[in-house]
Amino acid sequence: IMHDITLCPTGCQCTGHAVLCSTNPVESLAFATVLVIRSSEILSIEPDALTDIEALIYFDISHNLIEIGTEPYFQRFRSLVAFYMTNVSLANVPTGFFRGLINVKELHIQENDIVSTASRSFTGLSSLPHLDLSQQKLHRIEKCSFEGLLKLLSLNLSHNLLVSLTTDSLCGLTNLQSLDISSNDI
């Protein structure tokens with residue numbers, strides 16, 4: 001059941017099910033299906049701040065200085081299809097960070113500060129066809145980091161600091177058709 005946003009948070013524009021914010025929007029968003037908090041100078045997201053937002057289909061928190069901890073904040077967003085976290089100073093992707101995002105088909109996390117990935121970092125993204133990890137500071141990819149990405153067709157690791165890449169790092173990528181490792185030291 002879709003509901004229109006009746007109480008639009010201060011500093012946001014609301015139309016139907018979409019909420020576009022230029023300041024901190026964490027109030028009255030229970031029925032939002034689109035939430036854009038792009039370039040809003042947000043420094044952190046508390047784990048409980050997003051508990052009432054379960055209908056999201058599109059979520060963009062790009063170009064913020066958000067410090068995201070190791071908690072799988074986004075596991076309640078089972079309806080989410082597109083998730084943008086470009087340039088949010090994400091430094092690592094711990095095991096299970098994306099757990100629960102079973103319907104995500106677009107994940108944009110390029111242009112962050114990711115140095116390495118943990119084993120099973122991307123578990124839960126079972127519908128994701130393309131993953132762009134370009135323009136990070138990646139120098140190491142742990143064994144089976146991408147395990148569980150059952151539908152992944154392309155993986156972009158370009159413009160990083162990788163000096164080697166083993167088949168163990170890519171375990172579980174049975175459908176991978178394209179791997180971009182250009183502009184690394186491999």
Side-chain angles (χ1 to χ4, degrees), residues 37-38 42-47 49-50 56 58-186:
I37 316 171
R38 192 177 177 90
I42 293 176
L43 300 176
S44 67
I45 296 177
E46 297 298 321
L50 304 173
L56 279 183
Y58 181 100
F59 187 29
D60 186 347
I61 57 173
S62 296
H63 303 284
N64 282 291
L65 299 173
I66 297 174
E67 291 204 16
I68 298 174
T70 58
E71 296 290 319
Y73 285 92
F74 314 108
Q75 64 186 351
R76 65 185 57 90
F77 299 151
R78 298 207 177 270
S79 300
L80 197 62
V81 173
F83 191 14
Y84 289 74
M85 293 177 62
T86 302
N87 196 4
V88 294
S89 302
L90 186 64
N92 63 48
V93 184
T95 300
F97 186 72
F98 295 106
R99 183 179 45 237
L101 297 180
I102 57 174
N103 291 308
V104 170
K105 292 186 176 34
E106 288 185 52
L107 176 64
H108 298 270
I109 56 174
Q110 62 272 24
E111 298 179 39
N112 279 295
D113 297 325
I114 300 172
V115 174
S116 65
T117 60
S119 179
R120 294 175 199 69
S121 288
F122 299 94
T123 296
L125 295 166
S126 55
S127 297
L128 189 67
H130 310 284
L131 179 57
D132 188 345
L133 287 170
S134 65
Q135 301 178 43
Q136 309 286 345
K137 296 177 181 173
L138 267 173
H139 68 269
R140 187 180 69 234
I141 296 176
E142 292 295 329
K143 179 180 178 180
C144 299
S145 288
F146 307 107
E147 190 172 55
L149 296 180
L150 307 174
K151 296 186 178 177
L152 195 70
L153 300 173
S154 68
L155 176 59
N156 186 348
L157 298 172
S158 68
H159 301 278
N160 277 294
L161 305 172
L162 294 170
V163 293
S164 69
L165 188 64
T166 66
T167 53
D168 284 346
S169 299
L170 303 175
C171 78
L173 296 180
T174 56
N175 292 314
L176 192 65
Q177 296 174 2
S178 171
L179 174 63
D180 185 350
I181 55 171
S182 62
S183 297
N184 277 287
D185 293 326
I186 296 178

Q: Would you please name every residue forming a ring-ring contact (aromatic ring centres under 6.0 Å, His included) with Phe146, sequence neighbours left out?
A: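 ring-ring contact (aromatic ring centres under 6.0 Å, His included) list for Phe146, sorted by chain: Phe122.
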Q: Counting C-beta onward and ignoring hydrogens, is there a side-chain heavy-atom pair between Thr123 and Glu147 closer than 4.5 Å?
A: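 No. Closest side-chain heavy atoms not under 4.5 Å.
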Q: Compare every heavy atom of Leu155 with every heavy atom of Leu176, then report the nearest pair and how far apart it is.
A: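 Residues Leu176 and Leu155, closest heavy atoms: CD1-N, 3.8 Å.
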Q: If every non-hydrogen atom of Ser121 is compared with every non-hydrogen atom of Val93, which pair is closest and at what distance?
A: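 So the minimum-distance heavy-atom pair works out to OG-O, 2.6 Å.
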Q: Is there any disulfide bond (SG atoms under 2.5 Å apart) pair reaching into residues 86-144, and which pairs are they, with sequence neighbours excluded?
A: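 Qualifying pairs: Cys144-Cys171.
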Q: Shortest non-hydrogen contact from His63 to Val88?
A: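 That closest heavy-atom pairing would be N-CG1, 4.1 Å.
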Q: Are Leu131 and Leu125 packed together at the side-chain level, in the sense that at least one heavy-atom pair is separated by less than 4.5 angstrom?
A: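 Leu131 vs Leu125: side chains apart.
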Q: Determine, stepwise, if the pair His130 / Ser154 fulfils side chain to side chain contact (heavy atoms under 4.5 Å, CB included).
A: CA-CA 5 Å; His130 310 284; Ser154 68; 2.5 Å; yes
Q: For a 4.5 angstrom cut-off between non-hydrogen side-chain atoms, does Phe98 reach Leu107?
A: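 Phe98 vs Leu107: side chains touch.
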Q: Can you run down the ring-ring contact (aromatic ring centres under 6.0 Å, His included) pairs that involve residues 155-186, sequence neighbours left out, and say none if there aren't any?
A: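 The answer is none; no pair qualifies.
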Q: Could you give the distance from OG1 (Thr86) to CZ (Arg38), rounded to the nearest 0.5 Å?
A: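 That separation rounds to 7.0 Å.
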Q: Does Lys151, at its NZ atom, have more than 12 non-hydrogen atoms belonging to other residues, nucleotides or ligands within less than 6.0 Å?
A: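 No, NZ of Lys151 has 12 or fewer neighbouring heavy atoms, counting only those of other groups under 6.0 Å.
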Q: Any disulfide bond (SG atoms under 2.5 Å apart) pairs touching residues 101-136, not counting sequence neighbours?
A: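 Those involving residues 101-136 do not exist here.
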Q: If the test is side chain to side chain contact (heavy atoms under 4.5 Å, CB included), which one of Asp180, Asn112, Ile109 qualifies with Leu133?
A: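 Output: one option passes, namely Ile109.
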Q: Could you give the distance from NZ (Lys143) to CG (Asp168), rounded to the nearest 0.5 Å?
A: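 Here the interatomic distance stands at 5.0 Å.
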Q: For the CD1 atom of Ile102 and the OG atom of Ser127, what is their distance to the nearest 0.5 Å?
A: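 If I round to the nearest 0.5 Å, the distance is 7.0 Å.
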Q: What residues, two or more places apart in sequence or in another chain, satisfy side chain to side chain contact (heavy atoms under 4.5 Å, CB included) together with Thr167?
A: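 Result, side chain to side chain contact (heavy atoms under 4.5 Å, CB included) vs Thr167: none returned.
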Q: Mind checking the CG-OG spacing from Leu153 to Ser178? Nearest 0.5 Å is all I need.
A: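 Answer for the CG-OG pair, Leu153 versus Ser178, is 9.0 Å.
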Q: Heavy atoms, side chains only, cut-off 4.5 Å: are Arg140 and Glu142 in contact?
A: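 The answer is yes, as the side chains (C-beta and beyond) meet within the 4.5 Å cut-off.
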Q: List the steps and the verdict of side chain to side chain contact (heavy atoms under 4.5 Å, CB included) for Leu179 and Leu173.
A: CA-CA 11 Å; Leu179 174 63; Leu173 296 180; over 6 Å; no
Q: To the nearest 0.5 Å, how far apart are OG in Ser116 and CD1 in Ile141?
A: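 It is 9.5 Å, given to the nearest 0.5 Å.
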Q: Going by ring-ring contact (aromatic ring centres under 6.0 Å, His included), name the residues that satisfy it together with Tyr58, two or more places apart in sequence or in a different chain.
A: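 Counting only residues at least two positions away or on another chain, Tyr58 forms a ring-ring contact (aromatic ring centres under 6.0 Å, His included) with Tyr84.
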Q: Mind running side-chain hydrogen bond (donor to acceptor under 3.5 Å, both in side chains) on Asp60 and Ser62 for me, showing each step along the way?
A: CA-CA 6 Å; Asp60 186 347; Ser62 296; 2.9 Å; yes
Q: Looking at CG of Asn160 and OG of Ser134, how far apart are the two atoms once the value is rounded to the nearest 0.5 Å?
A: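 Between atom CG of Asn160 and atom OG of Ser134 there are 7.5 Å.
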Q: For the side chain of Asn103 and the backbone of Arg78, is there at least one donor-acceptor N/O pair under 3.5 Å apart?
A: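 Pair found, side chain donor or acceptor close to backbone of Arg78.
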Q: Can you name the nearest heavy-atom pair linking Ser145 to Ala118, along with the distance?
A: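 Nearest heavy atoms, Ser145 then Ala118: OG-O, 3.1 Å.
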Q: Which heavy atom of Leu101 sits nearest to which heavy atom of Phe83, and what is that distance?
A: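 That would be CD1-CD2, 4.0 Å.
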Q: Taking all atoms of both residues into account, what is the closest heavy-atom pair of Val115 and His139, and its distance?
A: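 In this case the closest contact between Val115 and His139 is CG1-CE1, 2.7 Å.
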